[in-house]
Amino acid sequence: MPELPEVETVKRSLENHISGLTISEVDLLMPKILKTPSPQSFAGILAGKTIKKLGRRGKYLLIHLSGNHTLVIHFRMTGRLVYSPPGTAPAKHTHAVFRLSNGHELHFTDMRQFGRMALLETDRLDTLAGLKDLGVEPLSEEFTREFLKKQLKRRRVKIKLLLLDQTFIAGLGNIYADEALHKARINPEKTAAHLTIREIALLYRAIRDVLEEGIANRGTTFRDYVDGMGQAGSNKEALRVYDREGKPCLSCGKPVVRTRLGGRSSYYCPSCQK
DNA sequence: AAGAAGTCCTGGGCGC
DNA sequence: TGCGCCCAGGACTTCT
């Protein structure tokens with residue numbers, strides 16, 4: 001599931017290859033993945049636009065184009081955007097093909113059809129639902145220990161659920177939230193407002209550490225995730241609790257437990273995370 | 001108003 | 001072996 005480190009890796013792997021290229025033609029094969037504009041006008045707006053630079057906000061990939069336009073992509077669980085040589089047959093579940101001025105193509109593929117794209121004027125990005133409501137970027141200077149402390153104080157929700165709330169912190173998903181809580185030795189069910197000063201300091205550090213480690217390892221691949229060059233990431237080997245139910249905790253050796261929180265799996269060590 | 005539950009999807013894993 | 005069932009999960013909508 002592409003979370004912040006995976007989207008950042010897609011961005012970094014693509015930007016040197018596609019920056020400066022012009023989009024010559026677009027095939028939208030699955031119109032429903034487009035939030036805006038209408039499928040009829042999508043290809044027409046994109047044709048002739050040059051890719052200026054790539055950006056990222058939370059789990060959203062931003063492709064900034066000439067003519068004050070930005071293509072916004074959210075991969076959800078199984079989305080991929082892969083730079084492909086001329087004539088590459090689109091893989092199954094390919095929903096959009098962008099032909100570029102050097103003959104290469106960008107293929108957007110998503111088995112589960114949950115991923116979404118939007119195309120709008122760059123200066124109107126703050127009108128896009130989801131994107132406009134995102135919380136702080138966890139790797140930015142804006143995200144400080146003081147900020148986290150202040151925000152947690154009044155929240156009576158379980159800390160794991162708050163970490164998954166994109167309007168609180170942008171970019172954490174189920175994997176990195178579990179990893180951060182394990183690293184900080186905090187039980188996922190603990191009420192946010194009840195975290196001690198020490199726990200907040202540990203959590204702050206852990207969030208940044210697990211995200212930076214994920215980026216350094218070029219993302220976590222279980223089955224579907226690949227970067228912009230179609231390559232898997234290696235961060236699965238660095239995971240300490242996620243998807244390790246019944247296996248020994250790498251800190252204390254007791255079995256990792258799986259529970260359900262907010263309809264999602266939560267992996268943690270009951271011995272280390274009280 | 002916050003929080004819970006339902007919705008969208010497909011491939012894989014499971015039981016029989 | 002093969003069929004059918006159910007689960008995984010991010011963000012958005014709807015309900016309480």
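Chain letters run A, B, ... following the sequence lines, proteins first and then strands; every chain starts at 1. These values consider heavy atoms only, across backbone and side chains, with no hydrogens, waters or symmetry-generated copies.
Within the nucleic acid shown, Y242(A) comes within 4.0 Å of sugar-phosphate atoms alone, with no base atom in reach, counting heavy atoms only. Using a 4.0 Å heavy-atom distance criterion, F222(A) is classed as making no nucleic acid contact. M1(A) comes within 4.0 angstrom of sugar-phosphate atoms only, judged by non-hydrogen atoms across all strands, and of no base. Using a 4.0 Å heavy-atom distance criterion, R260(A) is classed as a sugar-phosphate-only contact. Nucleic acid contact class of K158(A) (heavy atoms, under 4.0 Å, all strands): none.
A side-chain donor-acceptor contact under 3.5 Å links K59(A) to the backbone of L172(A). The backbone N or O of R240(A) lies less than 3.5 Å from a partner atom in the side chain of R244(A), making a donor-acceptor pair.
Distances shown here put every side-chain N or O of T78(A) at or beyond 4.0 Å from the OP1 or OP2 atom of dT10(B). For H93(A), no side-chain nitrogen or oxygen approaches OP1 or OP2 of dT10(B) to under 4.0 Å.
Separating the NZ atom of K35(A) from the P atom of dA11(C) is a distance of 10 Å, rounded to the nearest angstrom. Atom CE of M111(A) and atom P of dC8(B) are 17 Å apart (whole Å).
Comparing R76(A) and R155(A) along DNA chain B, the residue whose closest nucleotide (by nearest heavy atom) sits nearer the 5' end is R155(A).
The shortest heavy-atom contact between H69(A) and G67(A) is ND1-O, 2.9 Å.
Out of dG9(C), dA8(C), dA4(B), the shortest distance to the side chain of L161(A) is found at dA4(B).
The shortest distance between side-chain heavy atoms of K153(A) and K150(A) does not fall below 4.5 Å.
Counting only N and O atoms by type, the side chains of Y204(A) and R208(A) include a donor and acceptor under 3.5 Å apart.
In this pair, Y83(A) and H17(A) present their aromatic rings tilted. The plane angle is within the 30 to 60° band.
Residues from residues 113-133 of chain A placing a heavy atom under 4.0 Å of any atom in DNA chain B, listed by number, are Q113(A), F114(A).
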